[in-house]
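Report on the following structure.
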There are 2 protein chains.
Amino acid sequence: MTLDCSREAERLRRAGLRPTRQRAALAALLFTDCVRHVTAEALHAEAEAAGEHVSLATVYNTLHQFTEAGLLRQVTVDGTRTYFDTNTGDHHHFYREEDGMLVDIESDGIAVVGLPEPPDGSRVERVDVVVRLRKR
Amino acid sequence: MTLDCSREAERLRRAGLRPTRQRAALAALLFTDCVRHVTAEALHAEAEAAGEHVSLATVYNTLHQFTEAGLLRQVTVDGTRTYFDTNTGDHHHFYREEDGMLVDIESDGIAVVGLPEPPDGSRVERVDVVVRLRKR
DNA sequence: GTGTTTGCAAAGTGTTTGCAATTTA
DNA sequence: TAAATTGCAAACACTTTGCAAACAC
């Protein structure tokens, strides 16, 4: 239940962020071996459960700082909550509305073909594909 | 500036909705000849500008009723606001974050290839493609 | 020490809800 | 007149912000 934050200070410094207790704790929760999708509320609850008190406002601020630093990627699939994805590479998502489950789809081999040219003075910043799932 | 609601009562009845003054006014604004993307706030403002008073709560309720009735389609591109699209057919979107502009991409010719099988007990309900744009 | 970060509580935004009054059929 | 619909204001969920106290370097 106790967090191992020993490697997090270095990761934070490399990202240009001061290694505070709160940031290290959240980083330790986020940057485990496997890819994670979290909401601010959920991460806050996890931190509390791990015995690290971090205010919800700080969780929000930290998630945004991590996103700006390129450690996280924000995902919009549902108007009511914001997800943060530890997979910052090029990929898409499966999304199951009933339980809010989010699963990465690596973009190897997947492609969107036949897209028209972007309008007038615009360029494509990113193409997001969300595959919405229902229980069978 | 005055709305022509003469054809709306019939449209609403066909959709199984009672043709009230408010619904007819909103329908007249929405179901013009061209495809529209509106937020509740924006539609509310339009109705006021056209001299039809409809409360914001009723605009929200009506947009959801129209969506359930298959007259509209809800689009999630931005966590902060919900868009409603009068194009209910199979299509995707260009989205420009800077001004919230939303443009349909008809799905003729466009395809997402190489999608993996959906996980365990799920089936694909819909595939949403959002092409995020930036000013060039 | 000095500038950064945190926590709290308050404010904000977009949306939903409870309920009495009104409207539709 | 019975049932559906509306408007208002209050409630809501999620997120952001202001500012004094705490912390990092």
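Note that this is a predicted model, so its numbers are computed, not measured. Labels below follow one simple rule: chain letters A, B, ... track the order of the sequence lines, proteins then strands, and each chain is numbered from 1.
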Does a donor on one side chain and an acceptor on the other come within less than 3.5 Å for [X] and [Y]?
X        : Y       : value
A:Asp85  : A:His91 : yes
A:Asp104 : A:His37 : yes
A:Ser122 : B:Arg96 : yes

Side-chain N or O of [X] closer than 4.0 Å to phosphate OP1/OP2 of [N]:
X       : N      : value
B:Thr82 : C:dT15 : yes
A:Thr20 : C:dT6  : yes
A:Ser55 : C:dG7  : yes

Please pick, from [options], the nucleotide with the shortest atom-to-atom distance to any side-chain atom of [X].
X       : options                : value
B:Val54 : D:dG7, C:dT15, D:dA24  : D:dG7
A:Ala57 : C:dC8, D:dA24, D:dT5   : C:dC8
A:Glu41 : D:dC14, C:dG7, C:dA25  : D:dC14
B:Tyr60 : C:dG7, C:dA25, C:dT15  : C:dT15
A:Asn61 : D:dT15, D:dT17, C:dT17 : D:dT17
B:Pro19 : C:dA25, D:dT15, C:dT15 : C:dA25
A:Arg23 : D:dT15, C:dT5, C:dT16  : C:dT5

What contact category does A:His64 fall into here, base, sugar-phosphate, or nothing, at under 4.0 angstrom with non-hydrogen atoms?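 Touches sugar-phosphate only.
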Could you state the [atom1]-[atom2] distance from [X] to [N], rounded to the nearest angstrom?
X       : N      : atom1 : atom2 : answer
A:Arg21 : C:dT5  : CZ    : C1'   : 12 Å
B:Glu52 : D:dG7  : CD    : P     : 10 Å
A:His53 : C:dT5  : NE2   : P     : 18 Å
B:Leu26 : D:dG7  : CG    : C1'   : 14 Å
B:Leu17 : C:dT24 : CG    : P     : 15 Å
B:Asp78 : C:dT13 : CG    : P     : 15 Å
B:Leu56 : C:dT16 : CG    : P     : 10 Å
A:Glu68 : C:dT4  : CD    : P     : 15 Å

Under 3.5 Å, is there any donor-acceptor pair linking the side chain of A:Arg18 to the base of C:dT5?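 In this structure, the two groups form no donor-acceptor pair.
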Could you walk me through whether A:Arg136 and B:Glu125 pass the salt bridge (charged side-chain N to carboxylate O under 4.0 Å, His left out) test, one step at a time? CA-CA 10 Å; A:Arg136 183 155 33 196; B:Glu125 189 206 343; over 6 Å; no
More 5' along DNA chain D: B:Gln22 or A:Arg81, using each one's nearest nucleotide?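 Whichever sits nearer the 5' end wins; that is B:Gln22.
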For residues 106-135 of chain A, pull every pair meeting ring pair (Phe, Tyr, Trp, His ring centres under 6.0 Å), keeping only residues two or more places apart or in separate chains.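 For residues 106-135 of chain A, and leaving out neighbouring residues, there are no ring pair (Phe, Tyr, Trp, His ring centres under 6.0 Å) pairs at all.
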Aromatic ring proximity B:His44/B:Tyr60, centre distance under 6.0 Å: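 Not close enough - the centres of the two rings lie 6.0 Å or further apart.
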Is it true that B:Glu97 and B:Arg132 make a salt bridge, defined as a side-chain N closer than 4.0 Å to a carboxylate O?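 The answer is yes: the pair qualifies as a salt bridge.
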Angle between ring planes, A:Phe31 versus A:Phe66, binned at 30° and 60°: parallel, tilted or perpendicular?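 Answer is tilted, since the angle falls between 30° and 60°.
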Consecutive-pair stems (at least three Watson-Crick or G-U pairs, under 3.5 Å) that include DNA chain D: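 Expected stems, ordered by start: C:1-25 with D:1-25.
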Return whichever of A:Val59 or B:Thr80 has its heavy-atom-nearest nucleotide of DNA chain C closer to the 5' end.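 Whichever sits nearer the 5' end wins; that is A:Val59.
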